[in-house]
Structures are given as structure tokens and as C-alpha cells.
Amino acid sequence: MPAEPAAMTLVDHLTELRSRIIKSIAAVALGGTVVFLLYHRLLDVMIQPYCDTLPAGEECKLFITSPLEGFAARINVATYGGILLGSPVVLWQIWRFVTPGLEQREKRYAVPFVLSSVLLFVGGTALGFVTFPKALEFLIGIAGSDVETIFSPARYLSFLLKVLLAFGLVFEFPVLLVFLQLVGVLSPATLRRQRRMAIVVMTVVAAVVTPSQDPYTMLAMAIPMCLFYEISILIGWFMTRSGARSRS
């Protein structure tokens with residue numbers, strides 16, 4: 001039986017942390033293996049945004065410029081895909097490691113925390129994929145009509161996956177805010193008072209973290225962040241009132 005949180009020594013905490021990390025790495029590795037095997041099917045999907053930017057009838061291809069580039073592209077896709085597929089296990093391990101320090105009332109949010117984190121991460125990557133063709137079209141067009149684009153799979157896929165990962169991580173923003181309210185670091189009143197400053201900060205963050213630096217991607221990231229900020233305040237207010245009623 002695991003030791004009680006109050007009785008756990010530093011060695012016990014480190015042992016548990018090692019166990020959680022090993023399980024998370026195993027989940028990511030298993031997900032990466034699945035993506036590695038399905039690479040060719042996934043490549044057809046990921047290359048589609050680039051194909052959409054080409055004139056009708058023009059052949060859509062990526063060009064390898066190095067003998068190892070095809071393998072590197074496959075490994076890159078498998079790594080990001082493993083993170084995506086293994087995210088439920090990773091998030092669950094994070095929550096289980098943090099849980100001993102929470103009250104019993106707070107522990108019941110484990111399943112909603114993990115489920116909402118996964119759904120938001122997937123939703124963020126989906127939005128990033130939807131907006132990517134517009135961003136790519138903007139970046140190609142800004143180079144001028146005399147410039148011909150020839151993309152290599154390693155660079156193109158790395159750029160696409162960075163955009164998707166950025167969207168997925170940014171969409172975890174409301175989960176972080178709700179968690180900070182849950183443990184008492186922030187309060188709904190504090191978030192309401194800092195709303196204007198938060199909007200400015202979120203807009204700057206969206207402009208900085210977007211790999212493409214184009215206005216389409218920036219707006220597609222900043223607007224949901226502002227909406228999530230307001231939703232987090234409402235959820236925090238509801239949780240605060242619910243907790244007050246349960247203690248009274």
C-alpha cells in the first residue's frame with residue numbers, strides 16, 4: 001500500500017515521481033509507435049493544407065533534399081503524434097501526483113480535469129489545422145509572385161506540427177486557470193479585476209507563440225484565449241460557491 005501523503009518522505013515522493021514519469025514516457029512511446037506505423041496515411045492528411053494553396057491542376061508534392069530527411073520527417077511526426085495520443089495518460093499521471101496535496105473535495109475533479117484537458121488539446125490542434133491553410137497561403141503570398149515554393153517534408157511537417165502543438169498547449173489555458181482557482185492561488189474576483197491586463201497579455205502571447213507569425217493564426221489563438229478566460233471566471237465562481245455551501 002502507498003504511504004499516506006503526510007508520512008511520505010522525500011525518497012517516497014521521488015520514487016512516485018519516477019513511476020509517473022516512466023508511465024508517461026511509455027504512453028508517449030506507444031502512441032508514437034502507432035503514428036510511426038500509420039505515417040503514410042497521416043502524411044496524406046497533413047499535406048492537404050499545402051495542396052489547398054496551389055492552383056488547380058498543379059501537382060502537390062514535397063521534395064526531399066537529404067538522404068535522411070524522409071526518416072527524420074517520419075520520426076518527427078511520430079514524436080508529436082505520440083505526445084498527442086499519450087496525453088490522456090500523461091495528464092492523468094500529473095493529476096495523480098498532485099492529488100495527495102489536495103482536499104477530498106478537490107480530488108473529485110480528477111476525471112473532469114483529465115477529460116477537459118484532452119478535449120481542449122484535441123480541439124486546439126483541430127483549430128490549428130483548420131486555420132493552417134490560410135496562414136500558409138499568407139506566408140507564401142507575402143514572398144511575392146516571382147518566388148516559387150518548394151517544401152521539404154522535414155521542414156513543412158515540423159512547421160505544421162509546431163503550429164498544432166502551440167494551439168493544443170494554448171487551449172490548456174482555461175484548465176490551468178481553473179486549477180489555480182481550485183487550489184486558492186487565484187480567485188474569480190482577482191481575474192475579473194485583471195481582465196484588461198489579461199487581454200493585452202494574451203494577445204501578446206498569441207503573437208509570440210504562433211510559429212507562423214501571421215494575423216490569421218494569431219487571431220485564431222487570441223480570441224479563444226479571451227473566451228476561455230471569461231469561462232474560467234464563471235467556472236471558478238461556481239466552484240467557489242459550491243465549496244462554500246459544502247463547508248457550511
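Please read all numbers here as calculations on a predicted model, not as lab measurements. Worth knowing before you read on, the calculation uses all heavy atoms, side chains too, and leaves out hydrogens, waters and symmetry mates.
Proximity of Trp237 to Ser232: side-chain heavy atoms (C-beta onward) are nowhere separated by under 4.5 Å. Within the 4.5 Å cutoff, the side chain of Phe129 has heavy atoms near those of the Val45 side chain. Contact annotation: the side chain of Val34 approaches that of Leu38 to within less than 4.5 Å [non-hydrogen atoms, C-beta and beyond]. Taking the side chain as every heavy atom from C-beta outward, Met225 and Val170 approach each other to under 4.5 Å. Residues Leu127 and Pro224 are in side-chain contact: their nearest non-hydrogen atoms beyond the backbone lie under 4.5 Å apart. Using a 4.5 Å heavy-atom cutoff, the side chains of Arg18 and Ile22 are in contact.
Closest heavy-atom contact between Leu62 and Pro153: CD1-CA, 3.7 Å. Lys23 and Val89 make their closest contact through O-CG1, 4.1 Å (heavy atoms, listed as atom of the first residue, atom of the second, distance). Here the closest heavy-atom approach between residue Val114 and residue Pro88 is recorded as CG1-O, 3.9 Å. Cys226 and Ile199 get closest at one heavy-atom pair: SG-CG2, 4.2 Å. Contact detail for Thr131 and Gly128: the closest heavy-atom pair is OG1-O, 3.2 Å. Looking at every heavy atom in both residues, Val35 comes nearest to Ala78 through CG1-CA, 3.8 Å.
Leu91 and Leu169 fall within the same hydrophobic cluster, defined by Ile, Leu, Val, Met, Phe, Trp and Tyr side-chain heavy atoms under 4.5 Å apart, directly or through other members. Linking Ile, Leu, Val, Met, Phe, Trp and Tyr whenever their side-chain heavy atoms come within less than 4.5 Å leaves Leu115 and Val175 in two separate clusters. In the hydrophobic cluster analysis, where Ile, Leu, Val, Met, Phe, Trp and Tyr join through side-chain heavy atoms closer than 4.5 angstrom, Val204 is grouped apart from Tyr216. A single hydrophobic cluster is not seen to contain both Val205 and Val208; linkage of ILVMFWY side chains at heavy-atom distances under 4.5 Å, directly or through other members, places them apart. In the hydrophobic clustering of ILVMFWY residues, with side-chain heavy atoms under 4.5 Å counting as a link, Phe63 and Leu43 come out apart.
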ring-ring contact (aromatic ring centres under 6.0 Å, His included) between Phe132 and Phe159, worked out: CA-CA 10 Å; Phe132 186 73; Phe159 178 64; 5.6 Å; yes

Verdict with supporting geometry, Ser117 and Phe113, side chain to side chain contact (heavy atoms under 4.5 Å, CB included): CA-CA 6 Å; Ser117 298; Phe113 168 80; 4.1 Å; yes

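Residue Cys51 holds its SG atom at 12.0 Å from CE of Met46, rounded to the nearest 0.5 Å. The CG atom of Leu191 lies 14.0 Å from the CE atom of Met197; values are rounded to the nearest 0.5 Å. In this structure, Phe167 CZ and Met221 CE are separated by 4.0 Å, a value rounded to the nearest 0.5 Å. The structure places CG of Leu157 at 10.5 Å from CG of Leu164, a figure rounded to the nearest 0.5 Å. In this structure, Leu85 CG and Leu30 CG are separated by 8.5 Å, a value rounded to the nearest 0.5 Å. Note: Leu176 CG to Leu120 CG = 12.0 Å, rounded to the nearest 0.5 Å.
Tested against Ser158 for a side chain to side chain contact (heavy atoms under 4.5 Å, CB included), the candidates Val77, Asn76, Val163 yield a single pass: Asn76. Exactly one residue among Ile235, Leu186, Ile233 makes a side chain to side chain contact (heavy atoms under 4.5 Å, CB included) with Val178. That residue is Ile235.
In this structure, Phe36 and Phe71 have perpendicular ring planes: the angle between them is above 60°, well past the 30° mark. The aromatic rings of Phe173 and Tyr229 lie parallel to each other, their planes meeting at an angle below 30°, with 60° marking the opposite boundary.
Taking the six-membered ring for Trp, Phe171 and Phe228 have ring centres closer than 6.0 Å. Aromatic rings of Tyr50 and Phe151 (six-membered ring for Trp) have centroids within the 6.0 Å cut-off, being under it.
Judged by distance alone, the side chain of Gln93 and the main-chain N or O of Ile21 form no donor-acceptor pair under 3.5 Å.
Using modelled atom types, one finds no donor on one side chain facing an acceptor on the other under 3.5 Å when comparing Ser187 with Gln181. No hydrogens or angles considered: a donor-acceptor pair under 3.5 Å links the side chains of Gln48 and Asp52. Under 3.5 Å, the side chains of Thr190 and Gln194 contain no donor-acceptor pair of N or O atoms.
Contact check on Glu69 versus Arg155 returns no salt bridge, with no Lys/Arg side-chain nitrogen under 4.0 Å from an Asp/Glu carboxylate oxygen.
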